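Notes to accompany the following structure.
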Amino acid sequence: YPTWKRTMARRAREDQMKRFCRAQAIQRRLEEIEVTFRELEQQGTKLEKLLRDENESLADQQTQWTNQLLYLVQKKNNLMTEESDLMIAVQELKLEEQQCQLDQKLRSYMNMEEALKTPEDLKAEQDTLKQLVEVVNKRNVLIQIQEEKRLSEL
């Protein structure tokens with residue numbers, strides 16, 4: 001078994017572990033965001049009740065509650081933006097994994113001797129190459145979406 005094949009296999013495993021760790025971190029953060037959403041909604045509900053029920057309270061108090069409510073809405077919007085970014089990252093990780101698998105499959109076909117390839121092998125190689133190009137194009141679209149979001153935020 002040539003050294004370069006062992007090296008490629010080891011790198012593929014390392015990359016897969018990195019993607020797995022990133023996916024776990026994203027999943028944890030999405031769960032944290034969900035919990036924070038619930039907390040913000042509870043706080044917002046309390047503030048809305050206070051604003052509706054306390055018509056005779058001081059104007060300063062109502063202004064303070066309104067400001068708190070606006071702050072909660074802003075915080076919730078920021079979390080929604082972060083959640084959207086994380087969902088894009090999840091899609092990107094899935095595409096990255098697909099690309100890695102297709103790349104390995106394509107390499108196995110390309111490493112075969114041309115004389116030993118059957119017509120089925122040649123077709124499978126072409127299909128794998130097409131799939132790989134599709135995955136790369138999908139990743140490119142995700143990157144463009146992220147760039148557009150970044151520019152719109154500026």
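Computed from a predicted structure; not experimentally measured.
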Original post:
salt bridge (Lys or Arg N to Asp or Glu O under 4.0 Å) between Arg29 and Glu82: does it pass, once the steps are laid out?
Top reply: CA-CA 9 Å; Arg29 183 61 188 141; Glu82 184 181 356; 2.7 Å; yes
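- Checked for salt-bridge contact, Glu153 and Arg150 miss the test: no charged N lies under 4.0 Å from a carboxylate O.
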Subject >> Criterion side chain to side chain contact (heavy atoms under 4.5 Å, CB included) on Gln131 and Val135, from CA distance to verdict >> reply: CA-CA 6 Å; Gln131 290 174 349; Val135 168; 5.6 Å; no
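- With values rounded to the nearest 0.5 angstrom, Lys76 atom NZ is found 13.0 Å from Ile33 atom CD1.
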Subject >> Audit row: Lys117, Glu114, salt bridge (Lys or Arg N to Asp or Glu O under 4.0 Å) steps and yes/no >> reply: CA-CA 5 Å; Lys117 288 183 185 177; Glu114 285 296 322; 2.9 Å; yes
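- From Gln27, atom CD reaches atom CG of Leu86 across 10.0 Å, with rounding to the nearest 0.5 Å.
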Original post:
Step by step, would you call Met87 with Ile26 a side chain to side chain contact (heavy atoms under 4.5 Å, CB included)?
Top reply: CA-CA 9 Å; Met87 295 308 290; Ile26 289 171; over 6 Å; no
Original post:
So Ser84 and Lys149, side chain to side chain donor-acceptor pair (under 3.5 Å) or not? Walk me through it.
Top reply: CA-CA 10 Å; Ser84 171; Lys149 279 182 71 172; 3.0 Å; yes
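- Not counting sequence neighbours, the partners of Lys123 by the side chain to side chain contact (heavy atoms under 4.5 Å, CB included) test are Asp127.
- The closest side-chain heavy-atom distance from Gln61 to Leu50 is not below 4.5 Å.
- Annotation: the span from Ile145 atom CD1 to Gln91 atom CD amounts to 7.5 Å, rounded to 0.5 Å.
- Electrostatic pairing of Arg22 and Glu96 counts as a salt bridge here, judged by a charged N lying under 4.0 Å from a carboxylate O.
- Atom CG of Leu47 and atom CG of Asn67 lie 10.5 Å apart (nearest 0.5 Å).
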**OP:** For Val141 and Asn137, run side chain to side chain contact (heavy atoms under 4.5 Å, CB included): C-alpha distance rounded to whole Å, both residues' side-chain angles, the deciding distance at 0.1 Å, then the answer.
**Re:** CA-CA 6 Å; Val141 167; Asn137 287 336; 5.7 Å; no
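- Crowding of Arg11 atom CZ: a count of heavy atoms from other residues, nucleotides or ligands under 6.0 Å not exceeding 12.
- Here the CD-CZ distance, from Gln98 to Arg139, works out to 10.5 Å after rounding to the nearest 0.5 Å.
- At least one side-chain heavy atom of Arg107 sits less than 4.5 Å from a side-chain heavy atom of Met8.
- Evaluation of the side chain to side chain contact (heavy atoms under 4.5 Å, CB included) rule for Gln101 yields Glu97 as partners, not counting sequence neighbours.
- Atom CD1 of Ile88 sits about 6.5 Å away from atom CG of Leu142, to the nearest 0.5 Å.
- Side chains of Met112 and Glu125 form no contact here, defined as non-hydrogen atoms less than 4.5 Å apart.
- Asp15 has no carboxylate O lying under 4.0 Å from a charged side-chain N of Arg19, or vice versa, which leaves the two without a salt bridge.
- Using a 4.5 Å heavy-atom cutoff, the side chains of Glu83 and Leu79 are not in contact.
- Here the side chains of Gln68 and Tyr71 are not in contact, with every heavy-atom distance at 4.5 Å or above.
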**OP:** Give the intermediate values and the outcome of salt bridge (Lys or Arg N to Asp or Glu O under 4.0 Å) for residues Glu134 and Lys130.
**Re:** CA-CA 6 Å; Glu134 287 175 13; Lys130 285 179 187 176; over 6 Å; no
Subject >> Full working for salt bridge (Lys or Arg N to Asp or Glu O under 4.0 Å) between Arg10 and Glu14 >> reply: CA-CA 6 Å; Arg10 183 177 41 80; Glu14 288 172 358; 3.3 Å; yes
**OP:** Go through Asn111 and Ser108 one step at a time and tell me if the side chain to side chain donor-acceptor pair (under 3.5 Å) criterion holds.
**Re:** CA-CA 5 Å; Asn111 287 334; Ser108 69; over 6 Å; no
